[in-house]
Protein chains: 2
Amino acid sequence: MSSSSSKSSAPAWAQPTRAQNVSLPPLLVHNSLTHAKVPFVPLDPAGRRVTWYCCGPTVYDAGHLGHARNYVTTDVLRRIMRDYFGFEVVFVQNVTDVDDKIIMRAREIHFFKQYVSQHPTIDQTVLDDVRKAFTWSGANLKKANFPSDLAPAAFAEWSKSLIAMLAAKPQLEDDEVKLKNKLASLGKVAVAIQNPPLATEFYAAIEGVFSEFLGETLKETIDGREHGIFSSFSQRWEEHFNTDMRTLNVLPPTVTTRVSEFIAENVSFVERVVEKGFAYHDGEGSVYFDIDAFERAGNFYARLEPGNRNDAGKLAEGEGALSAVKRKKKSDRDFALWKVARPGEPRWPSPWGEGRPGWHIECSAMAGAVLGSQIDVHSGGIDLAFPHHDNELAQSEAFWYEGAPRQWINYFWHMGHLSISGSKMSKSLKNFVTIRQATETGEWTPRRLRIVFMMGGWLGGIEVTPEMRKAVEAWESTIDNFFTNVKALAAEEQQRGYSPQLFRAQEAALYADLQNSQNAMHAALCDSFNTPAALEILADVVSKTNVYMRENTKTAAKPDAYLSLAAVSEVARWITHMVRVFGFVPGNDTIGWGSGSATSSSSAPAEETLEPLARVLSRFRDTVKQGALAASKGGDGAVFARDMLALCDTVRDDDLPPLGIALEDRNAVTGEPALVKFAPAAELVAAREEKRRIAAEKEAKKEAARLELERREAEKREKARTKPEDLFRTDAYSAWDERGIPTKDKDGKELSKNQGKTLLKQWEAQRKLHDQYFPSSGAQ
Amino acid sequence: MSSSSSKSSAPAWAQPTRAQNVSLPPLLVHNSLTHAKVPFVPLDPAGRRVTWYCCGPTVYDAGHLGHARNYVTTDVLRRIMRDYFGFEVVFVQNVTDVDDKIIMRAREIHFFKQYVSQHPTIDQTVLDDVRKAFTWSGANLKKANFPSDLAPAAFAEWSKSLIAMLAAKPQLEDDEVKLKNKLASLGKVAVAIQNPPLATEFYAAIEGVFSEFLGETLKETIDGREHGIFSSFSQRWEEHFNTDMRTLNVLPPTVTTRVSEFIAENVSFVERVVEKGFAYHDGEGSVYFDIDAFERAGNFYARLEPGNRNDAGKLAEGEGALSAVKRKKKSDRDFALWKVARPGEPRWPSPWGEGRPGWHIECSAMAGAVLGSQIDVHSGGIDLAFPHHDNELAQSEAFWYEGAPRQWINYFWHMGHLSISGSKMSKSLKNFVTIRQATETGEWTPRRLRIVFMMGGWLGGIEVTPEMRKAVEAWESTIDNFFTNVKALAAEEQQRGYSPQLFRAQEAALYADLQNSQNAMHAALCDSFNTPAALEILADVVSKTNVYMRENTKTAAKPDAYLSLAAVSEVARWITHMVRVFGFVPGNDTIGWGSGSATSSSSAPAEETLEPLARVLSRFRDTVKQGALAASKGGDGAVFARDMLALCDTVRDDDLPPLGIALEDRNAVTGEPALVKFAPAAELVAAREEKRRIAAEKEAKKEAARLELERREAEKREKARTKPEDLFRTDAYSAWDERGIPTKDKDGKELSKNQGKTLLKQWEAQRKLHDQYFPSSGAQ
């Protein structure tokens, strides 16, 4: 009856109406719902509050520069909205901590770690298990015809032509990149099986393939009602993400919503969509969205990317790797709202049995729970537009449906991609530099990342070419040098105390330049957050000010020249204000009166500096106190004392070096206090590690010597096992005396006297050896 | 012909028109030109730039709290315009460094210093000179009939009744205050002449009277073409002013205009007013504004205070002390645009001969030179409204006159007075506390000054009563404690790394409270910068948040309580933002990338900051270690534990407060760590001392009670010492039975039955008491 799937253009977008007498900046922003710039009008009748839902991280690995691109760019937009346009932005961002990727990766890590600890040495069992993983992984290679009995030794030969074929291609498809990566992994496994190195190296070489194998084959041993394996894993990566965001000076969300903490809201959201007739239970514990029913009611599916509404590949990817099994769906396009739990998957109760929310429903449910039935802005990476955001739209429009189609989101803003030297940065393609790597190695600083993302604009893809990098560095040093110069002049002028304050045609012109730049900035930011233009405007006014400064600096040739520091400072002040707005100035959102406290004339203690040390001290004291309390209530004083000694070492060796503090113990018994030293933290940590390395080496040598001794002892004992009378019972002789000493050789010939003497000596030695180890066996 | 002087109401103010499609906040501001709140519409057709001229300081002395009131309040308004409403404010402020007060005071200081250095000892010449000054100064006393031959020795007697009369008045007129001050100065001179102390003290005592005398009598020796005497004086006080403004965190002007650097602009301004026929040369080197001519052309004089247009006193004061000589003016009301130089006055060339600009013309000329023919905002202290600002308006309207009256200034904002405990703070009445005194003695902090000025609102006068001071301190500590608590919780949560992120009804309510506060703040600031309401709104949302925090903190009774730090931080973030807007956060305009540089990851360790804390930690650790070592070598574990508990208290109470660190112990038994807080050291130490004082008091009371008990016990024991048989062995009786109970009185008379009964009772009681304390003594 319905031919909705043939629809290819979305219904018209309704421009939000501005309440009368409300003042709004003339801001136009590109909207993915219209594919054009449209006036921004918030729902708030006062025109001041803006609600914003942003798709946050799925926490199962370290964020890479592609993520930085997304979150930093979003942060720039959010800050412009808040600090330039003055909107009160309520920014809600989720954390996806229940997800197919997390489930799989958490299981893999869990079983792999378990396996390694249970098999510290690479014995035949291990080799057999890895061989199984090799075969299993090969069988899963797509389009490769991996022979099921291929020996690891034959892998190199077998894969040669495939690798050559891939290498010859100028540009690889995503599937081909994945194949190439998989072949490399299998290659490493094949080598490791053939020549097993020491355990650490061996496990490092096989981890990718083997952990995947273990995760898949052992998953059913997990009790899905116990979420520990999954939550400890996702929590670790969420913390990692948060640390990265702090490094990048990205503002924390106003509200963070975690899927694991919103299960009840998800369930009731799905229930209501089912009640409305836009979703159905498949009878096996899963619930699917009914696209046909939704469209029959006059709604439209895939507003953002109508052209993709039947793209099977994208739809399948959106469903997650753990759903790649045929289920009882009415239509292939229908997507899961609730997924029945299969063995080894975390599970929560629901009216349809135990399971978990589908990926898309999370966002709809959590955004609705916090922000209500209509939202101003929804943002995310461009990758998420279809099917994720289109499915979100459908679900939420279904949930809030009251007889007529509705516009759940007014503005959809999608951040573009990041490519580095031509190839897209992507986790699944294993083509990425993590944020931590980039910032810790100094390849990028947080500031330069922000500059490059602003230079690229938010909407389009960014390709980081060497030229672009140069442009970033040039812009940074233009601003940097300007700040340095003005600050130096200001310090000098303040030192001098009194200077002329002229306002001549030159100064008037410079103030006019500044005013023009401010107008241009306003126009640029109102033009869909045109950040590339914004950066140019700043560099441009700096260059004009530099000309003014050059022309008006006192020199031998121009002894009467006058430079208005007030004018130049005003330019610098405005640039500072703008880089602050753009999020370049860390600590701008720090709570409180600011560091230079106005309470007392003495400068307030540098909290940020003291904080970590104060925490070490407090933690130390807490531990001492708890121990002392326990000991004073009948605990064992000796145990307490031993614990305290260990704690003192921990404070010295673990806690303080990263803070740049070295304690040098002197004689604690005579009461001489430790010497407190300050040194760069990196140095102290390195020194500590070196000390530990040397100690570990020494320990290892000792252990090796012990093992060697043991081995020799075992050899000797083995040798001693032979009784002296059995020592010569071999084919080499044909007759023996009563002690077992040979008398004739194998041909029946009498042994010579000399031969007899030698044999007797050997016999005596063996008797001594045997008696030493087996005294009771009574050899004579 | 003209009866303009009878006009008493100013012409209608023209509301500036808003360009089409320009977005402006719904800001209403009180305008002295309308005496009512009117919509604020800047001249800039884009609605973004605001030009503002502010009357700056006349630099001849240290600024007092009345000045602080004016400049800090103006700063608050300027910051709200810039940082809250987002206008690009061009703020021009003058420095009046050519002025009658400066001329007189500079001369006085110059000649006095010269005299002191030429007369290091107090000889007869000095005494004779000072006697001359005494007589000269007395003769200048107004309405006092000072006898020209009055001897210093007779001054006290002569002035007695005058002083008593002034002291008896409940409220003094300004003139009377000045008389009272003068009498005090003359009294000091009279005493000094009679009993000359050492030179330093002598000159300190006579400085006021003597320097005035020297300035007046020696002025003609100065060459007015040499400005050094005047400029070195004014420069010193300008620097003093600038330092005060930095202390008070007042933003520097966008452009500062000094009169001495704008003489040419002043001359040409006057020329043009003369050309237009609105001013005339008096033929003796001065130029006056022609009020009648101005009004005849259809203009209006004294727009701001039409009622004062004929106030001779105010008009004279506006002309300056050096103009109090009859000149050839057409009308008494006409005021000087250019003043002919008399001997001893600094002078510049002009078409009318050497002279200097009048006070009012400075502002018109300089404002015009920088900001052009029309200005959005003009501000200043309310004292300046008439005649200064009215004269400025007249001059500028005359200067820019093109056949029809014009509105030179659209918005005139006047800051109210400051009174402390009922009397107006004023330089000329010598009733003031300088900014430096107030801040250096700690009587006021810059922050509290800003709070009190905001609490009083900008428009009205402020009277600082003890109640108001309390309100200031209460507001500050409300905000302060909130910041401290939130920061401590945030640091702890970041340390913990992973915490739940719930969004329940409680959190939704708190976010709603925040939103309501933000709306209320917008309404308050749009309501003519209603800063008292703004402060109340902040305190109010803090108190709501405190309730939320109290109700949702984990305690023994509520182990499952959950507190959303995200929600609380959002409130704190907004409050920080607002106190930043209001100018409470120093360094907000510091040029550059900010302190936490984003360039390099390694920040230099702040050794000086860390050192004391590191030392506390190390000492603590030393003690723990020594105790543990001793305990582990056979010492007493229980004693060790007790010592450690005491040590933990010492660290918390003695070591850390002076470093600005407060540890708040929570439940050590359940393992909840102490909360680490940062606060000013002085506060923490004071709080600790208070706690100790209360504890000591309690201890003292307990001890007193114990001693009282002991005393009573001793008394009782002493009483018990008497054996019952000895109890009545006194002269009161003459016969006793065997138990020692009297049978006859001292006269040998038998005791009555009743008497016997009473004595028996007493005897029984004593027996019981005695047995209790001396059981073994076996009383019978």
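Quick note on labels: first sequence line is chain A, next is B, and so on, each numbered from 1.
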Report which part of [X] has an atom under 4.5 Å of a heavy atom belonging to chain A: side chain, backbone, both, or neither.
X         : answer
Ser569(B) : both
Val486(B) : side chain
Leu656(B) : side chain
Val579(B) : side chain
Glu88(B)  : side chain

Tell me, out of [options], who's got the most heavy-atom pairs with chain A below 4.5 Å.
options                                   : value
Arg258(B), Arg49(B), Met644(B), Arg236(B) : Arg258(B)
Pro500(B), Ala566(B), Ala490(B)           : Pro500(B)
Thr484(B), Thr256(B), Thr257(B)           : Thr256(B)
Gln515(B), His577(B), Arg652(B)           : Gln515(B)

Report yes if some heavy atom in the side chain of Val370(B) is under 4.5 Å from a heavy atom in the side chain of Tyr511(A); otherwise report no.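 No, side chains not in contact.
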
Applying side-chain contact (heavy atoms from CB on, under 4.5 Å) to Val92(A) and Phe503(B), what does each step give before you reach the verdict? CA-CA 11 Å; Val92(A) 180; Phe503(B) 185 88; over 6 Å; no

Would you mind checking which part of [X] comes under 4.5 Å of any heavy atom in chain B, side chain (CB onward), backbone (N, CA, C, O), both or neither?
X         : answer
Glu570(A) : side chain
Ile591(A) : both
Ser231(A) : neither
Ala572(A) : both
Arg448(A) : neither
Asn519(A) : both
Phe482(A) : neither
Phe85(A)  : neither

If I take atom [atom1] from residue [X] and atom [atom2] from residue [Y], how far apart are they, to the nearest 0.5 angstrom?
X         : Y         : atom1 : atom2 : value
Leu24(B)  : Leu24(A)  : CG    : CG    : 12.0 Å
Arg573(A) : Leu251(B) : CZ    : CG    : 8.0 Å
Gln235(A) : Tyr498(B) : CD    : OH    : 4.0 Å
Glu261(B) : Leu502(A) : CD    : CG    : 5.0 Å

Can you tell me which of Thr254(A), Ile575(A), Val651(A) forms the most heavy-atom pairs within a distance under 4.5 Å of chain B?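 Highest number of pairs under 4.5 Å: Thr254(A).
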
Nearest heavy atoms of Pro25(A) and Ser23(B), plus distance in Å: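 Shortest heavy-atom contact: N-OG, 3.8 Å.
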
Could you pull out all residues at least two apart from Tyr84(B) that satisfy side chain to side chain donor-acceptor pair (under 3.5 Å)?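 For Tyr84(B) the side chain to side chain donor-acceptor pair (under 3.5 Å) partners, ignoring immediate neighbours, are Arg48(A), His522(B).
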
